Student: 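One structure is given below, represented as structure tokens, and several questions about it will come after.
Only heavy atoms go into these numbers, but all of them, side chains included; no hydrogens, no water, no symmetry mates. Since we're looking at a predicted model, the values are computed, not measured. A, B, ... follow the sequence lines: proteins, then strands. Residue 1 opens every chain.
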Protein chains: 2
Amino acid sequence: MPDTERSRRRPEFRKGRPTLTRERIARAALEILGDAGPAELTMRNVGERLGVSPRALYNYVDDRRDLLGEIVAVCQADRPVPRLDPGDWRDSLRAYCRELRGWYRGHPGMLALARAEDLTPFTSPDMLRADDAVVAFFLDIGLSPAAARRAWSVTVLQVAGFAEVWDTWHDRPPPGAEPAAWTGIPPAASDADLPHLRAVAGAAEAPDELFETVMTMLVAGVEAMF
Amino acid sequence: MPDTERSRRRPEFRKGRPTLTRERIARAALEILGDAGPAELTMRNVGERLGVSPRALYNYVDDRRDLLGEIVAVCQADRPVPRLDPGDWRDSLRAYCRELRGWYRGHPGMLALARAEDLTPFTSPDMLRADDAVVAFFLDIGLSPAAARRAWSVTVLQVAGFAEVWDTWHDRPPPGAEPAAWTGIPPAASDADLPHLRAVAGAAEAPDELFETVMTMLVAGVEAMF
DNA sequence: ACCTGAACACCGTTCAAGT
DNA sequence: ACCTGAACACCGTTCAAGT
């Protein structure tokens, strides 16, 4: 059997199980993160999910912190690249924000992880390329540098804030909770008099509608910056 | 020495050290939370800060989870009560939002804790009274029930989102970081070409100014709901 | 009544083998 | 080259004493 490949590839499988890689380890960790939250993200649990002893992970990852870095890298890899058209900036901006919100929601638990542990040291310049494009877009439609920066800050704030404050709780409500009130404090005792909250309880809005309301506010806010 | 008090009070001190109470334990935990983050919030660290063995805490607190509940209670106790004047609703709303933001910032680490561990089961109806008042205010200025609810949702979103996305990182930047870019990913390598981000780097705004921009957007957004 | 100290099952991580 | 298993210092929590 001649070796047709120039260099022998790393085998994809080993004893029937797929070979461990940094990425596969990170993906297993992301599954745990989404299913059970950051507290359950332990080396032992990751090993168990991969059918391997916790020690085996250390052949690919320096330590838990290094694993966190790989998780960040895996997430950033599929972050949407902005396709923004200055000629149709309102709808462009909305569309990009929707994509970005979807990306946040597609990685449940990541925002919680970022708050629980400091993930900023893992940021690479590559990850800022999308932000650079957004700033370019705001300059392109005619905003001053100060206004462009402000518009960018507010945009990030709206999308990340919505994903964090609203979607995080709404997408995975705690066991007993109804998605009725704001940050997850609805059930309440029935005897407490909260007449006005009760009066508007029926007027609950789907998160998507609320997001569009926020987008309308954002577009109007940017408009006022010219 | 006759007992002038009807019932003997619990002594305030014991062996020179202040007596343990649920609240004092929770306050020690809050100090750790603010100084070192949720990962350092261990029973052993709380005990150490109070000069007591970790076991001693269990005489006042059922377990770590129960301690988290007491922490929530302590924080909620000094949450600002809205003083909203429908006759001057724009400034009223801004002032309340500023207070609310200040409250969030006054309890650093709480938002991170709320994301890391599920704190929603500890919510009591009492805590919703402030929200009820805000909804009443929006109804009072003439919004429909649906609009009032939307206005309330967006208000919470703006303030909590700002505190979480912006203030959290800005108030305690990670060791090596400059508060230059958005969610804490600024330093970057100098070779990477991020020309537009660089172009607006000088136009950085103080968080307070950015918050007022967000408030202006919020007021305009509410105006559009009539 | 309230404390300490030892102990247990968990965590991250390392060391010394195994194949 | 890559794995397992035992071991260490940590965590939450409990048990059995101490005063």
Student: Among residues at least two apart in sequence or on other chains, which ones pass side chain to side chain contact (heavy atoms under 4.5 Å, CB included) with B:A114?
Tutor: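 Per chain and number, B:A114 pairs via side chain to side chain contact (heavy atoms under 4.5 Å, CB included) with B:L119.
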Student: Given atom CG of A:L50 and atom C1' of D:dC2, what is their separation to the nearest angstrom?
Tutor: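 Distance, rounded to whole Å: 15 Å.
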Student: Near DNA chain C, counting only heavy atoms under 4.0 Å, which residues of residues 31-39 of chain A show up?
Tutor: none
Student: Please determine if B:D208 and B:R101 form a salt bridge, counting it only when a charged side-chain N lies under 4.0 Å from a carboxylate O.
Tutor: yes
Student: Taking N or O atoms only and anything under 3.5 Å, show me the protein contacts with nucleotides 7-10 of chain C, one pair per line.
Tutor:
none

Student: Rounded to the nearest Å, what distance is computed from the CE atom of residue A:M43 to the P atom of nucleotide D:dG5?
Tutor: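 Rounded to whole Å, this separation is 17 Å.
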Student: When you compare the side chains of A:D126 and A:S124, does any donor N or O come within less than 3.5 Å of an acceptor on the partner?
Tutor: no
Student: Between the side chains of A:E164 and A:R115, is the shortest nitrogen-to-carboxylate-oxygen separation below 4.0 Å, so that they form an ion pair?
Tutor: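 Answer for the salt bridge query: yes.
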Student: Given atom CG of A:L41 and atom C1' of C:dC11, what is their separation to the nearest angstrom?
Tutor: 12 Å
Student: On DNA chain C, does the nearest nucleotide to A:R55 precede the nearest nucleotide to A:E40 from the 5' side, or the other way round? Give the residue.
Tutor: A:E40
Student: How does DNA chain C read in dot-bracket, base by base from 5' to 3', with Watson-Crick or G-U pairs under 3.5 Å and | used when the partner is on another strand?
Tutor: ||.|||||...|||||.||
Student: What is the distance from OH of B:Y60 to C1' of C:dC2, rounded to the nearest Å?
Tutor: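 My rounded result for the distance is 6 Å.
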Student: Taking only residues two or more places apart in sequence, or in another chain, which ones meet A:F211 in a ring-ring contact (aromatic ring centres under 6.0 Å, His included)?
Tutor: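 A:F211 satisfies ring-ring contact (aromatic ring centres under 6.0 Å, His included) with A:F162 only.
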Student: Going through the distances and angles, do B:R150 and A:E209 end up as a salt bridge (charged side-chain N to carboxylate O under 4.0 Å, His left out)?
Tutor: CA-CA 10 Å; B:R150 202 177 319 139; A:E209 290 176 60; over 6 Å; no
Student: Counting only side-chain heavy atoms from C-beta out, which of D:dT13, D:dC3, D:dC11 sits nearest to B:Y58?
Tutor: D:dT13
Student: Measure from the side chain of B:V52, starting at C-beta and using heavy atoms only, and say which of C:dT4, D:dT4, D:dT13 lies closest.
Tutor: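 The answer is C:dT4.
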Student: Would you mind reading off the distance between A:L57 atom CG and C:dT14 atom P, rounded to a whole angstrom?
Tutor: 13 Å
Student: Is there a salt bridge (charged side-chain N to carboxylate O under 4.0 Å, His left out) between B:R79 and B:D131 once you walk through the steps?
Tutor: CA-CA 11 Å; B:R79 184 167 166 189; B:D131 295 279; 3.4 Å; yes
Student: Taking 4.0 angstrom as the limit, do A:D132 and B:R198 come out as a salt bridge?
Tutor: no
Student: Would you kindly give the CG-to-C1' distance between A:N59 and D:dG5, to the nearest whole Å?
Tutor: 14 Å
Student: Just wondering, more than 12 heavy atoms not from B:E31 lying within 6.0 Å of its CD?
Tutor: yes
Student: Answer yes or no: is there an ion pair linking A:D35 with A:R49, defined by an N-O contact shorter than 4.0 Å?
Tutor: yes
Student: Take atom CG of B:L20 and atom C1' of C:dC3, then tell me their distance rounded to the nearest Å.
Tutor: 10 Å
Student: Within residues 61-68 of chain A, find the residues that approach DNA chain C with a heavy atom at under 4.0 Å, and present them sorted by residue number.
Tutor: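 The answer is A:D63, A:R64.
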Student: Can you tell me if CZ on A:R83 sees more than 12 non-hydrogen neighbours from other groups inside 6.0 Å?
Tutor: no
Student: Does CZ belonging to A:R24 count more than 12 external heavy atoms closer than 6.0 Å?
Tutor: yes
Student: Kindly point out which of C:dT4, D:dC3, C:dG12 is positioned nearest to the side chain of A:T42?
Tutor: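 Nucleotide nearest to A:T42's side chain: C:dG12.
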Student: Would you say that more than 12 heavy atoms from the other residues, nucleotides or ligands in this model lie under 6.0 Å from the CD of B:E48, or not?
Tutor: no
Student: With side chain to side chain contact (heavy atoms under 4.5 Å, CB included) as the criterion, how do B:Y60 and B:T21 come out once you've worked through the C-alpha distance, each side chain's angles and the decisive distance to 0.1 Å?
Tutor: CA-CA 7 Å; B:Y60 303 87; B:T21 60; 5.5 Å; no
